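Note on naming: letters A, B, ... go to the chains in the order of the sequence lines (proteins, then strands), and numbering restarts at 1 for each one. Note that the structure is a prediction, hence the values are computed from the model and not measured.
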Amino acid sequence: MIAAILVMALGAVILGAALGFAAVKFRVEGDPLVEKIDAILPQTQCGQCSYPGCKPYAQAIAKGEADINQCPPGGEEGIRKLADLLGREVKELSAEHGIEKPKSVAFIDEQVCIGCTLCIQACPVDAIVGAAKQMHTIVADQCTGCELCVPPCPVNCISMEPLAEDVESWKWKYPVFTLTPASKASA
Amino acid sequence: MEVSGIHAHPGQQGICMKTLRRLFDFHGGIKPDYRKESSTGDPITVVSASTSLVIPLHQSIGGPPRPIVCAGDRVLKGQRIGDADGNVSSAVHASTSGTVTAVEMRLMPHTSGLSALCVIIEPDGRDEWMPLQPFDFRAATPTQTRDYLRDAGVVGLGGAVFPSHLKLSPGKQGKLDTLVINGAECEPFITCDDVLMRERAEGIIKGTALMREMLAAATALIGIEDNKPEAIAAMNQALQQSGIAHIEVVVVPTRYPAGGAKQLIRVLTGIEVPHGKRSTDYGVQCFNVGTAYAIHEAIDLGKPLISRIVTVAGNVGQARNFEVPFGMSMQNLADRCNPRPDTDRLIMGGPMMGVLMPAADVPVVKATNCVLVGSPKLFPPPPPEMPCIRCGECAKVCPADLQPFELYWFSRAKIFGKAQEYNLFDCIECGCCAYVCPSHIPLVDYYRFAKSEIWAREKEKTSADEARERYEFRLLREEREKQEKAAKLAAKTAAGREKAAAAIADAEKPAETPEQAAKKALISAALERARAEKASVVPENTGNLTSAQQAEISAIEARRAEIREMAKPHLPPDD
């Protein structure tokens with residue numbers, strides 16, 4: 001009887017030690033779920049979700065503090081991907097956080113810009129170049145379209161320009177068979 | 001499976017020795033109605049620019065070239081008008097002499113119907129070449145040669161318009177086993193390579209020899225489908241006359257798409273290039289015959305790529321081949337072949353892989369191998385798409401060994417990850433699957449849709465990753481700046497404290513000298529005097545006032561107070 005208890009206890013100790021060792025040895029750095037959620041988010045860093053960036057929002061989702069429908073730039077597709085990842089229901093985009101817009105980039109009217117650097121300080125991805133009392137301009141390739149530079153501008157010289165489709169970015173459309181009215185077909 | 005082909009190489013005394021060469025077979029393929037005879041009757045007609053040319057700057061894979069001319073400039077034939085943007089790009093040249101009238105957005109020969117930057121040249125009719133200088137590539141380093149070809153605008157003329165200079169390095173081993181020259185030209189209607197081989201075989205052989213040397217390839221095989229006996233004869237004759245060794249003309253069986261690069265490599269060498277690998281990893285590189293000719297012209301004659309052979313066929317009275325300067329309108333070209341009245345569209349390329357042009361007046365570009373004139377009778381609208389019955393016919397004919405029906409399901413359902421797992425990007429869009437589909441499903445349209453969606457997503461993903469990196473770096477920098485500021489402030493505070501301590505130490509020093517005391521007494525006496533004087537002065541006009549004057553003054557004061565009260569919201573606060 002005692003022997004049996006000892007054997008079981010010994011087994012428990014050995015397995016416990018092995019588990020403890022594995023927990024230390026194979027420790028996962030950071031939270032892989034946060035990384036996965038962050039990879040889905042569009043990285044505009046616009047703060048429309050009411051968190052100060054995409055990563056904080058990802059952390060909030062992972063903790064269950066935030067819902068998955070607070071990211072307007074990610075849009076419907078982003079919500080669907082998050083729902084897939086987290087095994088939740090797909091929801092409508094929450095209206096209080098904004099609406100899904102076509103991707104645009106900021107544009108500075110250089111005639112009006114006074115070189116105050118306020119927009120440079122607001123840009124979360126350093127996509128505006130310029131210096132005090134020098135004209136500023138947007139590096140369009142790096143602009144995420146977050147609109148954070150628009151409100152600080154004292155002379156309202158920043159506007160959001162929707163990205164036009166060009167030959168490079170054009171996409172083949174989903175094949176649709178066009179239906180012809182019966183009357184025309186029989187004629 | 002193995003088929004035997006006839007190959008010929010020049011004998012010692014100009015006698016053709018015919019031996020059997022082992023050829024291989026590629027999977028699938030179809031035998032469509034070729035209809036090539038109609039356009040090979042006449043020799044190549046060289047067309048000179050008569051009306052204004054619209055030369056798009058972006059004519060190859062890679063970055064769009066930067067324009068280096070502006071409106072009003074006079075350009076010579078062959079003068080560079082667009083500089084390659086980086087290494088994965090190719091220069092663009094004026095195809096005739098004349099005046100640049102504009103650099104502006106014009107409709108591109110692209111299905112989208114969108115515009116891009118073009119250089120418009122009004123020809124002066126003189127067709128005056130710039131001074132031509134052959135390039136001695138043996139005296140140049142391989143990098144110099146590649147830069148030269150990039151600046152000469154040489155790109156793959158088989159249809160993919162991939163910059164040729166990027167393909168002209170011999171890969172990891174430093175040498176190649178086989179250089180494959182593609183003269184198969186398997187698509188119906190198109191005969192531009194056929195007539196080029198018939199009429200300009202010598203140039204092609206010279207270009208092939210140049211490329212073989214650059215790539216350090218052991219042999220060069222020129223693959224031609226057996227439905228072009230005239231071209232085969234001309235090429236063999238030119239090869240014999242040139243006396244160049246290590247080049248062979250190999251006749252391959254006619255089957256669509258034997259002219260696909262991977263398919264021709266398979267037929268000629270037996271090598272099947274696996275998914276995600278380059279053919280150079282297996283010692284093989286493939287070029288089109290037109291490209292070989294362009295390389296000969298660029299290196300031996302110093303001529304940049306400014307024209308190409310274009311087949312005009314389809315719904316026309318007389319189908320023909322033209323040598324066309326880039327920038328000429330397709331409409332202009334089609335009109336030279338008497339298009340029939342029911343013509344309703346122009347297609348760039350052949351009936352299998354060609355793309356519909358948004359309008360007839362789009363320019364001929366480096367990718368234009370054929371202008372196919374269409375009509376509802378020649379290309380009737382496809383019958384309605386029916387459900388897939390999983391017959392598997394498409395998989396039987398797929399030359400890339402894919403499972404088209406699976407790709408179709410995933411593309412249709414927008415499950416792009418799965419489509420990629422089934423090697424969607426190995427699809428060469430040859431159209432064999434759609435050709436045999438009994439349900440008339442436009443399969444290639446689905447693949448094109450899926451491919452461009454995947455590309456767009458990948459682009460988005462890359463820019464999101466970049467944005468994340470930049471955002472994180474910014475946070476890091478802000479944190480660092482904060483720390484630096486704090487350190488600076490701490491240093492300043494420490495300095496201030498030191499100063500205060502020094503001041504206290506100063507105060508504790510012995511009292512002032514008698515001189516300083518005297519100065520201080522003088523200053524205070526002067527201040528006292530000034531104060532007394534100020535107090536004694538009284539405004540003269542306000543003394544001895546009558547009661548009426550006093551009343552008037554107080555009335556004025558009251559009005560002032562009232563006005564100040566009214567103006568308060570509009571005035572800055574009084575200090």
Side-chain angles (χ1 to χ4, degrees), chain A residues 34-35 37-47 52-58 71 73-78 80-81 84 103 105 120-128 139-146 148 163-180 184-185, chain B residues 56-58 61-64 105 107-117 355 381-386 408 411-412 414 417 429 434 440-457 459-475 477-478:
Chain A
V34 172
E35 298 292 316
I37 297 171
D38 195 37
I40 291 172
L41 297 176
Q43 304 304 320
T44 43
Q45 319 294 354
C46 59
C54 294
K55 191 90 174 248
Y57 178 44
C71 177
E76 208 190 301
E77 198 181 323
R80 213 173 39 239
K81 280 188 187 163
D84 271 355
K103 173 140 170 54
V105 291
I120 297 182
Q121 291 161 36
C123 179
V125 291
D126 290 333
I128 307 180
V139 184
D141 280 350
Q142 284 160 357
C143 176
T144 62
C146 68
L148 289 180
L163 275 183
E165 197 175 40
D166 61 11
V167 174
E168 290 296 288
S169 65
W170 179 80
K171 293 192 280 188
W172 284 88
K173 303 293 172 283
Y174 191 77
V176 181
F177 182 74
T178 42
L179 296 172
T180 33
K184 203 177 158 189
Chain B
L57 283 160
H58 199 190
I61 303 269
M105 302 295 275
L107 194 63
M108 289 288 276
H110 191 266
T111 325
S112 62
L114 292 169
S115 301
L117 206 58
V355 283
E385 179 183 335
M386 307 286 277
Y408 160 65
S411 303
R412 193 189 151 100
K414 301 181 191 172
E429 300 175 19
H440 313 294
I441 302 170
L443 290 158
V444 179
D445 290 355
Y446 282 99
Y447 307 149
R448 282 174 173 163
F449 157 73
K451 280 182 185 179
S452 58
E453 281 296 327
I454 293 169
W455 274 323
R457 267 152 221 232
K459 228 189 250 170
E460 252 169 45
K461 182 101 187 62
T462 331
S463 57
D465 286 346
E466 258 169 42
R468 181 187 297 118
E469 210 171 280
R470 296 177 70 80
Y471 176 62
E472 276 166 9
F473 178 73
R474 185 188 162 90
L475 292 184
R477 196 189 65 217
E478 274 172 354

Give a yes or no on whether a salt bridge exists between [X] and [Y], defined as a side-chain N under 4.0 angstrom from a carboxylate O.
| X | Y | answer |
| --- | --- | --- |
| E168(A) | K459(B) | no |
| R470(B) | D126(A) | no |
| D84(A) | R80(A) | no |
| K451(B) | E429(B) | yes |

Side chain, backbone, both or neither: which part of [X] has a heavy atom under 4.5 Å from chain B?
| X | result |
| --- | --- |
| K55(A) | side chain |
| D141(A) | neither |
| K173(A) | backbone |
| P124(A) | both |

> Just how far is it from atom OG of S452(B) to atom OH of Y174(A), taken to the nearest 0.5 Å?
Replying inline: 13.0 Å
> At a heavy-atom separation under 4.5 Å, does K414(B) approach chain A through its side chain, its backbone, both, or neither?
Replying inline: side chain
> Of all of A127(A), C123(A), C54(A), which one pairs up most often with chain B through heavy atoms under 4.5 Å apart?
Replying inline: C123(A)
> In terms of heavy-atom pairs under 4.5 Å with chain B, which of T44(A), D166(A), V125(A), T144(A) leads?
Replying inline: V125(A)
> Under 6.0 Å from the CE atom of M386(B), do we count more than 12 heavy atoms belonging to anything else shown?
Replying inline: no
